[in-house]
Amino acid sequence: MSPTEPEGIRRQSTTRRRRTVRLRTLLIWLAVVPTVAMGTQVTVTAQRLLAQSEKLRSDVAAAEQVGAPLYTLMVDMQAERTATAARWAGSDNSEGELRVRREATDLAAAEFRRLAVDPSRSFSEVTRQLEKLAEYRQRADARIGAADSTLAYYSEVIGKVIQVYQQEFSHAEDAELAQASRPVVSMLQATEMVAREDTVLALAGPSGELTFVGYDQFVSALGAQRYLHEALIVPHLTARDQRFYDRVVGSADWQTKTRIESAVLSGHKDIVTGIKLPAEVGGWSSAHANFSVQMTTLNIDLARSVLARGEAKAGELQTEVAWLIGGSAGGLLAVVVVVFFTTRSVLRRLNDLHERTVTVAEETLPDVVARLQRGQSVDPDALPAVTGDRDEVGRISDAFARAVEVSVDGHRRLAAERHGFGLFASGIASRTGNLVSRQLSLTEDLQDTFGHDEALLAELMRADQLTVGMRRQIENLLILAGGEVPDPHTEPMRVADLLREAAAEVEDFRRIERQALDETSVEPSAISQISHLLAELLDNATRFSPPKSKVVIRAELVTDGLSVEIEDRGPRVSPERYEEMNGRLHEAPPYSVLAQNAHRLGLFVVGHLADQLGATVTLRRSVYGGTSAVVILPRQLLVASDPQAPREIEPQPRVLELLPAPTRAPAASVSSEPAVREAAAESAPATEPAPEPEPVVHTSAGLPSRRAKAPVAVATAVSAPAPALVPVPAARPALPERVPQTHIAEQLREPRAQESVVRPDTATPEEVADAWADYEQGTQTVEEELRRDQP
């Protein structure tokens, strides 16, 4: 069999494909990333608010626990400082007053130390300053140093207390609470300034004289406390606190305080040692004792108001956290629901688009292409249409519809071009076939006219065989162009005659040995196609096997129909090549494969004919090392033969003999010798009498006719031996088509006498050398073609 070049195997790409992410994953990430970011932000905000709420509650708890003892400590330190200044100045009853104040301070300090145990707060500075209290008391009792330095210690401790209030309870991180706590700290500072005025006046003593430093301290404290009241206290008081403050500053004691301060500023007298205070200073102590209590009450109310606001703010923060978490959870849930349904909708639409695309690509489009290739019309509604949707999925669907439309238009144009080329090729093949038929008719006329000349007859038979091969190639073109092989048969044909007709189509038909093992016939509509199929396989078998080897074709009935096996002695073929060729034979190969193997049409023609007949052609390795082609024809193509009809008996293989020298034409060329040898082999076996020749129809010149219309009927009607050669009449009927391999001279058709001995081979050494050279040349040609066929 003729090996064909394999289709190009697509080489796997070595480029590493970029890993793609599924759309579902992208949509999920599109929902997860904002959700996680939003959740993280909510968590951070909630933690911050909860920490702020916890800090407020902690400050409120600390203020309730430590704030009151700390304020008491501050008031007691202020009273002790004033009592210390009075004793230093030598006032009456100052020693007993100082002792009472020191005891109150000790109690307040002990209470403060017991409660101020939180190391994270700034209570340690006050505690550290309180440790020096005993030392400064001793200095005050012994009057060591100046009074200003001793009194400055008390002022420093009170300043630390106010600083603790400012750091711990001002709530600087919350603007609202910071605004509310500002009057409390300012009120403490203003109270401290009034207490310093009281200390400076107490330091004046009974004499009513102040040093210049003491006077400066009084003036500074007076200016500070007035500024604090006017700028930092009054503007920030609530309406309720403002009314209470107005009652305090409108009281007689406060007015006395204000009058004394004014008198000190304007009514003092300068002396050598300092300043002489006016007489109005004597009413300061009683007035201060009264309005200081009222100011303490206002301070406590302001502090409690701030604590209440802190507690409420802490509750508001917790409520805000709850609303934040609940709202965020609801929002996240809404986002998840929206993303879920959006993803589901998008994926459903994409899945529908994918299913429609796959249906069009795998079912609709191949069916449309197949219909176009068969020349049938296509329903436009079967193809996807452009809807004009503007969303993304709709645009993808429209793009695919346009791609399908372009593809179908391309296939439609290609089918039209192929159909037009097929018509063109069919027309050329038909015209050329008519010319070949006329040439065959002319050859038959020449055979009838010059059949008595054996040399010329051999050349005419060779020319006839070449013309038959030309006709088969034209029929190949007709088959590949989509046409059908013209079939002139109207009656069934026996398998033996079919094998003979197929063998007659091959140029080297003398090497073909036929064996019809069963008597059956073939439908007339399939005779030409089957004959052409077998002729292609036989032609390949003879061309790709040694020149002197036999090609055996045998036919027998099997379960699936009729089995026709063609066996040659050709070169070895690899299993991969058999698999490739069988793949093309079991299904008609497309024309794209034909375009890549245009120089090897045998398998393509066989594949198309097998597809038209419903037959199966399989190539396999022969037991002789060559190739065996098995053709299974379906039973629908067979017709049961008449059991009474004579059955052809195929001759057994025999030794070919050359004719005697006197009977050989002196001018016969080398090309005529095979015909003569075949004729001798057909008519004169070596060891047994010749069988009854098969009845055939003859022309008027005594030559067999070409392709008889009804070979079976003619065989039963013609049984007498053929007449001798007679001149060709002037007017004779049209010659029927000849039966291949029966164009033999009349002289060779006569039975030969049986010889007792086998004649020795008279071939000369030159003839043997020529035959061996032909064998080697044929083998080299086959090997060279096989090497070209290898991928």
Side-chain angles (χ1 to χ4, degrees), residues 468 487-506 508-539 541-542 550-558 561-567 613 615 629-635 637-654 678-679 681-683 685 690-698 704-719 722 736-744 749:
V468 171
D487 199 335
H489 302 88
T490 59
E491 298 293 335
M493 177 180 287
R494 294 189 308 154
V495 173
D497 297 332
L498 181 63
L499 299 184
R500 182 184 297 108
E501 181 175 303
E505 300 285 337
V506 182
D508 202 0
F509 64 91
R510 298 171 183 84
R511 294 168 48 200
I512 299 175
E513 179 181 328
R514 308 182 309 276
Q515 298 178 7
L517 305 181
D518 289 289
E519 187 66 29
T520 186
S521 299
V522 180
E523 286 285 351
S525 61
I527 292 175
S528 294
Q529 291 178 323
I530 297 175
S531 175
H532 197 108
L533 185 149
L534 297 179
E536 285 294 330
L537 295 175
L538 288 171
D539 183 68
T542 55
K550 284 288 184 180
V551 174
V552 179
I553 177 171
R554 63 178 64 89
E556 61 178 329
L557 291 174
V558 293
L562 180 67
S563 172
V564 181
E565 183 177 3
I566 300 174
E567 188 176 55
L613 294 170
V630 180
V631 182
I632 303 297
L633 299 174
R635 286 189 174 273
L637 303 179
L638 304 181
V639 177
S641 299
D642 186 3
Q644 302 298 329
R647 182 176 178 180
E648 178 186 20
I649 303 176
E650 291 293 331
Q652 299 297 324
R654 66 200 65 161
E678 178 70 13
E682 293 286 342
S683 60
E692 185 69 22
E694 183 180 11
V696 295
V697 179
H698 297 78
S705 65
R706 180 188 307 275
R707 289 189 177 180
K709 296 294 183 180
V712 177
V714 173
T716 56
V718 181
S719 59
E737 294 185 0
R738 69 178 177 85
V739 177
Q741 219 174 8
T742 57
H743 289 67
I744 304 176
R749 300 184 61 82

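Values reported hereafter were calculated over all heavy atoms of this structure, with side chains retained and with hydrogens, waters and symmetry mates removed.
- Rounded to the nearest 0.5 Å, atoms NE2 (His489) and CG (Leu498) are 8.0 Å apart.
- When the options Ile632, Val631, Leu633, Leu517 are evaluated for a side chain to side chain contact (heavy atoms under 4.5 Å, CB included) with Ser563, the one that passes is Ile632.
- Looking at every heavy atom in both residues, Ile527 comes nearest to Glu491 through CD1-O, 3.6 Å.
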Would Val552 and Gln515 satisfy side chain to side chain contact (heavy atoms under 4.5 Å, CB included), going step by step from the backbone distance to the final call? CA-CA 8 Å; Val552 179; Gln515 298 178 7; 4.0 Å; yes

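- A pairwise comparison of heavy atoms in Glu505 and Ala535 identifies CB-CB, 3.6 Å as the closest pair.
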Side chain to side chain contact (heavy atoms under 4.5 Å, CB included) for Arg494 and Glu519? Distances and angles first, verdict last. CA-CA 7 Å; Arg494 294 189 308 154; Glu519 187 66 29; 3.0 Å; yes

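- For the atom pair CD of Glu501 and OG of Ser528, the computed distance is 6.5 Å after rounding to the nearest 0.5 Å.
- Rounded to the nearest 0.5 angstrom, Ile553 CD1 and Glu567 CD are separated by 12.0 Å.
- Nearest approach of Ala629 to Leu537, heavy atoms of both residues: CB-CD1, 4.3 Å.
- Glu513 contributes atom CD, which lies 8.0 Å from atom CZ of Arg554 (distance to the nearest 0.5 angstrom).
- Nearest approach of Val495 to Ala555, heavy atoms of both residues: CG1-CB, 3.5 Å.
- With rounding to the nearest 0.5 angstrom, the CG atom of Leu637 is 7.5 Å from the CD atom of Glu523.
- A donor-acceptor distance shorter than 3.5 angstrom exists from the side chain of Thr520 to the backbone of Val639, with no hydrogens or angles considered.
- Remark: of the listed residues Ile530, Val630, Leu499, Leu533, Leu499 is the sole one forming a side chain to side chain contact (heavy atoms under 4.5 Å, CB included) with Val564.
- Asp518 places a side-chain N or O within 3.5 Å of a backbone atom of Leu557 that can act as its donor or acceptor partner.
- A distance of 8.5 Å separates CD1 of Ile512 from CG of Asp539, quoted to the nearest 0.5 Å.
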